[in-house]
Enquirer: 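Handing you a structure now.
Quick note on labels: first sequence line is chain A, next is B, and so on, each numbered from 1.
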2 protein chains.
Amino acid sequence: MIYTKTGEYAIRAVLYLARQPKEALVMSSEIAESEEIPSHYLAKILQRMAKYGYVDSFKGRGGGFKITELAQRSSILEIVERVEGPVINLKCVTGLKECSDENPCPLHEEWAELRNRIYNLISSKSVQEVADKYSDTLKKNR
Amino acid sequence: MIYTKTGEYAIRAVLYLARQPKEALVMSSEIAESEEIPSHYLAKILQRMAKYGYVDSFKGRGGGFKITELAQRSSILEIVERVEGPVINLKCVTGLKECSDENPCPLHEEWAELRNRIYNLISSKSVQEVADKYSDTLKKNR
DNA sequence: TTAATTTGGGAGTCTTTTGTCTTAAATAAA
DNA sequence: TTTATTTAAGACAAAAGACTCCCAAATTAA
Ligand code: SF4
Ligand code: SF4
């Protein structure tokens, strides 16, 4: 992955929630089972996501999580960056020391383009858009 | 980075060696200093690279390392994979669970293309080609 | 032969990430 | 009210990655 497990779990969870019927509450354990994520670990992540305002949480019997509007209109990149710390590891393929746009290694030109496109790929669409289109293909292939 | 520090250090070291005059020996400590890599840590990596046949090593005063032909004609990807274990983490931007070419998430099509291009970027050129072109730009900008 | 230098090899530490466990708080149902 | 359920919180454990240190082996120079 381009980001860490924690970030990946966060995205998978939030996309799972985005695919649920409106206002439906889903338990942490259900998400963990469906997405095959370590249950307690995911619970922690969801806890933090609740603080960040990406999910709403409800305790007690019948409780669970649901996605917020904030998360629905956020991009995948935004959520990942919030959850797993400052920036994403998208700097360089080689990580050479002496380099910049003026002093580029032979891979830089193509890499810079790819890096931009990746960045764009995960920041230009909202979570809800991605989730909806995904639901569609899941339905079609049934 | 797309790969780990260890892999990055290995590549930087081998590219450094590739830029040296033919048959020149360079001490581990010199590479470490130039490339700003923790000295003892790099020593370990070079040790392993010697086993893999990517560098030749010579002990004692006047000793050091030099790149082998194997490394010169290898790709960056090949060396990284050898040094830091099985495969590179280039699987997916989202890491969704239910997905394949038949059941793709909305990002898959573009991602698959980008993934291929990244793969290609670091596997199609030899270390020596990259190093030579890099030396050129370093010279020009002087 | 002795001393200095440089890599080889292995043990060990520190940090970050990942994952587990236990208990408390809130809520809902019995 | 009591019990069951579900999230909140925090301590803890395990694993991986990054980095350090020490001493042995080889080689060169004095
Ligand atoms: S020049 Fe660009 S591609 Fe090359 S090492 Fe620097 S940032 Fe990476
Ligand atoms: S469909 Fe493709 S892009 Fe989407 S999660 Fe699967 S592998 Fe990744």
Enquirer: Take the protein atom NE2 of His40(A) and the nucleotide atom C1' of dA9(D), then report the distance between them rounded to whole Å.
Expert: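 In whole Å, dA9(D) C1' and His40(A) NE2 are 14 Å from each other.
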
Enquirer: Base, sugar-phosphate alone, or nothing: which one does Ser29(A) contact when heavy atoms must sit under 4.0 Å apart?
Expert: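 The residue Ser29(A) makes no contact with any strand.
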
Enquirer: If you pin Ala50(A) and Gly62(B) to their nearest nucleotides in DNA chain D, which one's is more 5'?
Expert: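 Upstream on the strand: Ala50(A).
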
Enquirer: Under 4.0 Å, heavy atom to any atom of DNA chain D: which of residues 52-61 of chain A qualify?
Expert: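 Ser57(A), Phe58(A), Lys59(A), Gly60(A), Arg61(A), in order of number.
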
Enquirer: Please enumerate all residues that pass ring pair (Phe, Tyr, Trp, His ring centres under 6.0 Å) together with Tyr9(B), with sequence neighbours excluded.
Expert: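 Tyr9(B) satisfies ring pair (Phe, Tyr, Trp, His ring centres under 6.0 Å) with Tyr41(B) only.
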
Enquirer: Considering only heavy atoms of chain A and a distance under 4.0 Å, specify the first and last nucleotide of DNA chain C in 5' to 3' order that meet this criterion.
Expert: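 Terminal contacting nucleotides, 5' to 3': dT17(C) to dA29(C).
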
Enquirer: Heavy-atom count check: over 12 atoms from other residues, nucleotides or ligands less than 6.0 Å from Lys5(B) NZ?
Expert: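 12 or below, so no.
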
Enquirer: With sequence neighbours excluded, tell me which residues meet side-chain contact (heavy atoms from CB on, under 4.5 Å) with Glu69(A).
Expert: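 side-chain contact (heavy atoms from CB on, under 4.5 Å) list for Glu69(A), sorted by chain: Gln72(A), Arg73(A).
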
Enquirer: In Å and rounded to the nearest 0.5 Å, what is the CG to CZ distance from Leu25(A) to Phe58(A)?
Expert: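 Interatomic distance, Leu25(A) CG to Phe58(A) CZ, rounded to 0.5 Å: 6.0 Å.
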
Enquirer: Who are the side-chain contact (heavy atoms from CB on, under 4.5 Å) partners of Ala131(A), not counting sequence neighbours?
Expert: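 Counting only residues at least two positions away or on another chain, Ala131(A) forms a side-chain contact (heavy atoms from CB on, under 4.5 Å) with Leu15(A), Ala18(A), Arg19(A), Gln128(A).
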
Enquirer: Between atom CG in Leu42(A) and atom C1' in dA8(D), what is the gap in whole Å?
Expert: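 Value for this atom pair: 14 Å.
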
Enquirer: Distance check needed: dC19(D) P versus Glu36(B) CD, whole Å only.
Expert: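 Between P of dC19(D) and CD of Glu36(B): 13 Å.
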
Enquirer: Please report, rounded to the nearest Å, how far the C1' atom of dA4(D) is from the CE atom of Met27(A).
Expert: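 Checked: the CE to C1' distance equals 13 Å.
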
Enquirer: What pairs of residues pass the salt bridge (charged side-chain N to carboxylate O under 4.0 Å, His left out) test when at least one of them lies in residues 116-125 of chain B, not counting sequence neighbours?
Expert: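 Non-adjacent pairs meeting salt bridge (charged side-chain N to carboxylate O under 4.0 Å, His left out): Glu110(A)-Arg117(B), Glu113(A)-Arg117(B), Glu113(B)-Arg117(B).
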
Enquirer: With a cutoff of under 4.5 Å between side-chain heavy atoms, which Ile, Leu, Val, Met, Phe, Trp and Tyr residues group with Met27(B)?
Expert: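 Direct or chained contacts put Met27(B) with none.
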
Enquirer: Leu77(B) versus Glu81(B): any side-chain heavy-atom pair under 4.5 Å?
Expert: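 Result yes, sub-4.5 Å side-chain heavy-atom pair found.
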
Enquirer: Please report, to 0.1 Å, the donor-acceptor pairs under 3.5 Å made by any side chain of residues 42-56 of chain B, with sequence neighbours excluded.
Expert:
residue	atom	partner	partner atom	Å
Arg48(B)	NH2	Val83(B)	O	2.2

Enquirer: Which is true for Ser39(A) with a 4.0 Å heavy-atom rule: it touches a base, it touches only sugar-phosphate, or it touches nothing?
Expert: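 Here Ser39(A) touches no strand at all.
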
Enquirer: Suppose we screen for side-chain contact (heavy atoms from CB on, under 4.5 Å). Which residues come up paired with Glu109(A), at least two apart in sequence or across chains?
Expert: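 So Glu109(A) forms no side-chain contact (heavy atoms from CB on, under 4.5 Å) with any residue.
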
Enquirer: Identify each atom pair where a protein N or O and an N or O of nucleotides 11-17 of chain D are less than 3.5 Å apart, giving names and distance.
Expert:
none

Enquirer: Mind calculating the distance between CD1 (Ile45(B)) and P (dC19(D)) to the nearest angstrom?
Expert: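 Interatomic distance, CD1 of Ile45(B) to P of dC19(D): 9 Å.
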
Enquirer: State plainly whether the residues Arg82(A) and Glu78(A) are in salt-bridge range, i.e. N to O under 4.0 Å.
Expert: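 Salt bridge: no.
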
